[in-house]
Amino acid sequence: MLVEAVYWQRLVERTLCWIAVCIWDLMMIHFHLDHCGALPYMSEMVGYDGPIYMTHPTKAICPILLEDFRKITVDKKGETNFFTSEMIKTCMKKVKAVNLHEVIQVDDELEIKAYYAGHVLGAAMFHVKVGQQSLVYTGDYNMTPDRHLGAAWIDKCRPDLLITESTYATTIRESKRCRERDFLKKVHDCVEKGGKVLIPVFALGRAQELCILLESYWERMNLNIPIYFSLGLTEKANHYYKLFISWTSQKIKNTFVQRNMFEFTHIKPFDRSYIENPGPMVVFATPGMLHAGLSLQVFKKWAPFEQNMVIMPGYCVAGTVGHKILNGAKRLELENKQTLDVRLSVQYMSFSAHADAKGIMQLISWCEPKNVMLVHGEAAKMDFLKNKIQQEFGIDCYKPANGETVTIQTLHNIPIDISLNLLKRAASFAGLKSPDPLKMRVLQGALVMRGNKLQLMDADQALKDVGLKEHNLRFTSTLYVEEDGASEKLAEKIYTLVKDKIKDHPTQYSTDGSISVSDVMITVSGDDEETKSVLVTWSHQDEELGSELMEILKNELPVTME
């Protein structure tokens with residue numbers, strides 16, 4: 001079963017479930033909860049008992065996020081029908097770690113291969129092959145390298161189907177350098193005027209990217225204004241970035257021996273008591289959409305003051321506080337009918353680790369799929385990208401809704417062995433000296449199934465193998481030609497015509513007046529009549545040649561009827 005395990009306020013069905021009938025393994029794309037949150041639910045509560053494939057970083061980080069998710073959902077929110085800590089441990093025992101570009105032969109027909117996806121530490125795209133059918137499932141990916149991760153990459157694998165995320169289906173981001181310069185200027189201007197800057201982030205990914213950016217800027221500008229990040233997950237995340245340094249960007253790998261970029265000197269752990277501290281500061285807090293947790297708590301305290309600022313560095317789902325303030329909301333209704341006036345500056349800067357429209361088109365051009373399916377996006381924006389893909393690449397593109405079934409037609413090549421005798425015959429084509437490689441020829445043979453393999457062999461050999469006698473079947477067609485004089489005169493005319501038109505086959509004129517072109521026979525009768533009968537006969541092996549001769553005679557002779 002190839003699905004992406006998802007838990008987002010309950011189990012969310014993903015588009016990929018349509019292929020579950022033919023693949024019996026579970027692959028984790030990366031550790032974000034909207035991609036791995038339902039994993040223990042599927043394995044321990046639904047009953048999936050097969051192997052689970054992850055990259056090494058995903059395997060290390062996934063159980064930490066799952067346990068944190070369980071604590072919030074069960075201990076704080078009181079959810080009862082939920083997986084336990086023991087279920088998480090049992091689930092992780094089924095995990096098999098994979099390396100990038102390693103081909104995993106799951107069984108006789110099924111194989112998988114992981115490619116670097118950028119996005120977050122350990123994120124991978126998977127190429128899945130079942131027999132001759134194949135698909136690439138991207139999960140979330142980023143085609144632009146940043147300060148802590150490299151860009152996604154895939155080879156020209158030409159899958160039957162590419163299933164790609166489309167979060168930023170209509171967005172083309174400005175250059176990374178411009179974004180970084182704008183971000184640093186906004187932060188610096190705010191704290192210089194005594195304001196506080198809140199940056200809501202997810203614990204893994206953008207937090208590390210922006211921490212590295214601010215750390216180097218603070219050092220370069222010799223600033224001493226405090227920068228904080230949330231305790232707990234972010235601290236653990238930095239540990240794993242150090243551990244899996246080979247998954248990071250080329251610059252971090254090159255400088256790792258001299259200095260580990262994840263060992264920050266200007267960025268300190270944050271305590272909730274610091275919220276009320278006077279003076280400027282910068283705080284990275286989770287979660288990234290301001291829908292709960294520490295980031296929302298800090299936002300409530302700082303929102304009423306104009307000198308403060310919140311910078312939203314990524315995508316926000318509709319309905320979250322982050323989405324509301326980005327759409328200009330100046331007053332928010334919170335729980336218990338409380339209201340909150342939003343007077344601080346709200347800035348959006350796309351540091352999201354998703355591919356933009358240009359990046360999605362680039363990935364399609366790299367792997368050259370035969371079909372594309374868009375998931376993980378907004379319907380209206382997906383419509384735009386779908387039309388662009390169909391126009392630019394000339395391939396079918398689909399954007400199914402949740403629960404919708406899509407049927408995709410694919411070509412299936414069937415491998416067939418060919419016998420040596422038939423191969424020799426095919427090469428010679430009945431004694432032709434110089435066959436035209438661009439001209440199609442009909443090769444007659446028998447298709448035989450032996451075991452689970454197909455073989456194309458000479459018909460005589462096939463008849464011999466099954467103990468049957470050969471029966472010759474010939475086709476005959478008669479043309480009536482208006483021609484005075486003896487039959488021999490018309491026969492000679494036909495011989496000259498055929499010899500001139502058919503140069504690839506030996507043509508002979510017999511003493512009895514018949515003409516043979518390979519195995520096709522032409523005879524003329526009706527000496528004393530104005531209308532002569534031209535009889536053309538051929539075997540089924542020479543059907544193409546017989547049809548060609550009939551067309552020549554009909555076009556070149558005064559045929560009255562057939």
Side-chain angles (χ1 to χ4, degrees), residues 416 418-448 455-562:
I416 300 175
I418 186 169
S419 69
L420 183 60
N421 288 340
L422 195 59
L423 194 60
K424 289 179 179 178
R425 187 172 147 206
S428 63
F429 273 108
L432 300 182
K433 294 180 180 178
S434 56
D436 184 355
L438 300 179
K439 190 172 182 180
M440 291 185 65
R441 300 282 178 178
V442 176
L443 177 65
Q444 303 291 341
L447 191 62
V448 179
Q455 184 177 20
L456 188 64
M457 61 195 314
D458 187 83
D460 293 338
Q461 183 62 45
L463 290 170
K464 184 178 179 182
D465 286 356
V466 296
L468 296 175
K469 292 182 179 180
E470 182 180 1
H471 295 270
N472 290 322
L473 183 65
R474 294 190 69 85
F475 300 89
T476 301
S477 186
T478 303
L479 300 176
Y480 296 95
V481 180
E482 291 288 342
E483 188 78 24
D484 294 330
S487 303
E488 288 79 5
K489 181 181 176 183
L490 179 57
E492 289 173 0
K493 183 178 179 180
I494 292 172
Y495 171 71
T496 303
L497 175 64
V498 170
K499 194 169 184 179
D500 181 58
K501 296 285 186 181
I502 306 291
K503 297 184 181 298
D504 293 341
H505 294 270
T507 304
Q508 294 181 342
Y509 185 53
S510 303
T511 55
D512 61 358
S514 63
I515 302 158
S516 63
V517 185
S518 288
D519 197 34
V520 180
M521 300 296 297
I522 304 173
T523 56
V524 181
S525 59
D527 269 337
D528 301 326
E529 300 173 9
E530 292 183 1
T531 301
K532 305 292 190 293
S533 299
V534 180
L535 187 71
V536 184
T537 176
W538 63 88
S539 65
H540 67 282
Q541 288 95 339
D542 295 297
E543 183 178 358
E544 183 184 5
L545 178 59
S547 299
E548 186 179 356
L549 284 169
M550 287 291 294
E551 287 300 315
I552 292 171
L553 297 177
K554 284 191 285 185
N555 292 334
E556 301 292 336
L557 298 176
V559 177
T560 58
M561 54 185 264
E562 293 185 44

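Remark: Glu482 pairs with Thr531 by the side chain to side chain donor-acceptor pair (under 3.5 Å) rule, at least two apart or across chains. Every residue two or more places apart in sequence or in another chain that forms a side chain to side chain contact (heavy atoms under 4.5 Å, CB included) with Thr523 is listed here: Ser514, Leu535. Listed by chain and number, the residues in a side chain to side chain contact (heavy atoms under 4.5 Å, CB included) with Glu551 are Lys554, Asn555 (sequence neighbours excluded). Residues forming a salt bridge (Lys or Arg N to Asp or Glu O under 4.0 Å) with Lys501 (at least two apart in sequence, or on another chain): Glu556. The side chain to side chain donor-acceptor pair (under 3.5 Å) test applied to Ser533 returns no partner, not counting sequence neighbours. Every residue meeting the side chain to side chain contact (heavy atoms under 4.5 Å, CB included) condition with Gln455, not counting sequence neighbours, appears here in chain and number order: Asp417, Ser419, Arg450. Ser487 meets the side chain to side chain contact (heavy atoms under 4.5 Å, CB included) test with Val524, Asp527, Lys532; sequence neighbours excluded.
One finds the CH2 atom of Trp538 at 5.5 Å from the CE atom of Met550 (value rounded to the nearest 0.5 Å).
A salt bridge links Asp519 with Arg474: at least one charged nitrogen is closer than 4.0 Å to a carboxylate oxygen.
Leu479 has its side chain out of reach of Leu557: every pair of non-hydrogen atoms, C-beta onward, lies at least 4.5 Å apart. Between Ile502 and Ile552, some side-chain heavy-atom pair lies under the 4.5 Å cut-off. Counting heavy atoms from C-beta on, the side chains of Ser516 and Thr507 never come closer than 4.5 Å. Taking the side chain as every heavy atom from C-beta outward, Leu553 and Val559 never approach each other to under 4.5 Å.
Considering every non-hydrogen atom in both Ala491 and Ile515, the closest pair reads O-CD1, 3.2 Å. What you find for Val448 and Ala462 is that their closest heavy atoms are CG2-CB, 4.4 Å. When every heavy atom of Leu549 is checked against every heavy atom of Ile522, the shortest pair comes out as CD1-CD1, 4.4 Å.
Applying the salt bridge (Lys or Arg N to Asp or Glu O under 4.0 Å) test to every pair with at least one member in residues 485-498, sequence neighbours left out, gives these pairs: Glu483-Lys493. Applying the ring-ring contact (aromatic ring centres under 6.0 Å, His included) test to residues at least two apart or on different chains, the pairs with a partner in residues 481-504 are Tyr495-Tyr509.
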